[in-house]
Asker: 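One structure, pasted below without further comment.
Just so we're on the same page: letters track the sequence lines, and every chain starts at 1.
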Amino acid sequence: MVSEVDDWFVREVLPLETSLRKFLRRGWRNEADIRDLCQDVYVAVYEAASREIPASARAFVFAVARNVLADRVRRAQIVPIEAVADLEELGLSADEPGPERAAMARQDLRKLQAALDRLPERWREVVVMRKVQGLSLAEIVARLGIAERTVSQHLTLGIAALANVFHDDPTDQGDKP
Amino acid sequence: MKADELDTIAAQWIVCRENGRWTASDQAQFEAWLAQPSHRIAYLRLSDVWSRAGRLKALAPQRRHRFFSFRAGAAAAKVAALFALAVCLGAGGYAWFSRSNDVRYATGLGEREIITLADGSRIELNTQTVLRLSSEGTKRIVKLDSGQAYFDIRHNALRPFIVLTGGHRIVDIGTKFEVRSDVNKVQVTLLEGSAQFEAVGTQVTRQNAILLPGDVAVATEKSMRIVRKPKEKLLAELGWRHGVIVFDHTRLADAAAEFNRYNRKKLVIADPKVAGLTIGGTFQTTNIHQLTQLARDIFGLTVEDRGQEIIISH
């Protein structure tokens, strides 16, 4: 089921998300849109890679990100001074080799721990039971004494949130709390 | 589709695959869903982090005492309390508001009103708001027919507090929150405590969400999104409670629409270029001239007062 492109995407593109989010945040100040912008970048990158896998994932991802941002700024009709200035400035750093790949394995565990700690308590609880304690869904339901539907819901939201906090640099929160 | 809605669906697939009842037909449906690149990407992204999270197992023994057992215990107690509350919903008991059901409150253009309830709970109504108080068994029920209201509710597990609006339900679990009901969307902002938001709609993916402080949930007929906002921003958005509107990089068109909620004299932005200019600052809801002055003096725009309307153009 996993294709060559999927494999490339997971291995080369997803580890860039922390940098990508930083990049997008500096060009686009509405925090609520960042995940959507990421997704737009990913779809464009994935579709291009389905035709031919780019030689440098990093250079390609940031080139696409620049286009996505520029497009969004144009459509939004906001006064784009800040966004444009940042794009120029950041354009230079986008091609530098990133530390992500090398640091990934080493930082993985620490990053996961930090991400887990930042999850809302209800979601963290079921995520911990599932992943740290290795309990099955049925066992979690039995242990907490709450409906399976509720456990599934908390787990669902926990999984989605975990990916976001995992890829987010807590020191780069823009205007988030 | 919004990426966070996509994430919810992708995460649902992950949970389904792990629940031990995965069938061949589930697999077929899942593969059909994956055929679309945006779906596939959302799934790959979540399952990547989710499978990495398996490494946390290595930490289980050390973490149990320091972090897990204590906090999870507290959370479990809270969840149990929540469940108890749900059970209570069906129980019979005292009427809460006056026995004559449906006490109606309404505010006109630019008006505000504060209702203090017997138990100390407060409800603040913003401009052009219609709200009805009633009770149903032990349940305290507020029907927000239109407009915007802020709720500061004394929690009582025996007397659940429920807000009904546009078909949606908000069940308070000890909370300060705000509800804004517009023609085709309902927005719930949670400041303190927590509340359960049950959205009703045809294609809503997150039908039943627990809101936590900082959450802003917007439900339309087709979707429900939850975003997290910093507390300062939420308080700024609640400026109406003190008769002010706070703009922060707000488009002039949106600022005008906001003023028009409070004033008989309407602001009209004549030009899309002008509409896109952004402004910031704190304004009195009923002092429309603060804005027109800014438009004229700072942006150099033309402001024309036509009696019923004020036209702003280049």
Asker: Considering only heavy atoms, which portion of A:Leu137 lies under 4.5 Å from any heavy atom of chain B: side chain, backbone, both, or neither?
Answerer: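 Just the side chain, heavy atoms under 4.5 Å.
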Asker: Using non-hydrogen atoms and a 4.5 Å limit, figure out which bit of A:Ser136 sits close to chain B: side chain, backbone, both or neither.
Answerer: neither
Asker: Find the one option among B:Val15, B:Val227, B:Ile14, B:Leu46 whose heavy-atom pairs under 4.5 Å with chain A are most numerous.
Answerer: B:Val15
Asker: Are A:Glu31 and B:Lys229 close enough for a salt bridge, meaning some N to O gap below 4.0 Å?
Answerer: no
Asker: Suppose we screen for side chain to side chain donor-acceptor pair (under 3.5 Å). Which residues come up paired with A:Glu17, at least two apart in sequence or across chains?
Answerer: A:Arg21, A:Tyr42, B:Arg45
Asker: Given a strict heavy-atom distance threshold of 4.5 Å, which part of A:Leu14 is in contact with chain B: side chain, backbone, both, or neither?
Answerer: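 Side chain of A:Leu14 only, per the 4.5 Å heavy-atom cut-off to chain B.
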Asker: For A:Asn164, which atoms come within 4.5 Å of any heavy atom of chain B: side chain, backbone, both, or neither?
Answerer: both
Asker: Partners of B:Arg21 by side chain to side chain contact (heavy atoms under 4.5 Å, CB included), sequence neighbours excluded?
Answerer: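 Counting only residues at least two positions away or on another chain, B:Arg21 forms a side chain to side chain contact (heavy atoms under 4.5 Å, CB included) with A:Glu148, B:Asn19.
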Asker: How long is the straight-line distance from CZ of A:Arg35 back to CG of B:Leu6, given to the nearest 0.5 Å?
Answerer: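 Between B:Leu6 CG and A:Arg35 CZ, I get 7.5 Å after rounding to 0.5 Å.
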Asker: What I want to find out is whether A:Asp36 reaches A:Arg72 closely enough, with some N-O distance under 4.0 Å, to be called a salt bridge.
Answerer: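 Answer for the salt bridge query: no.
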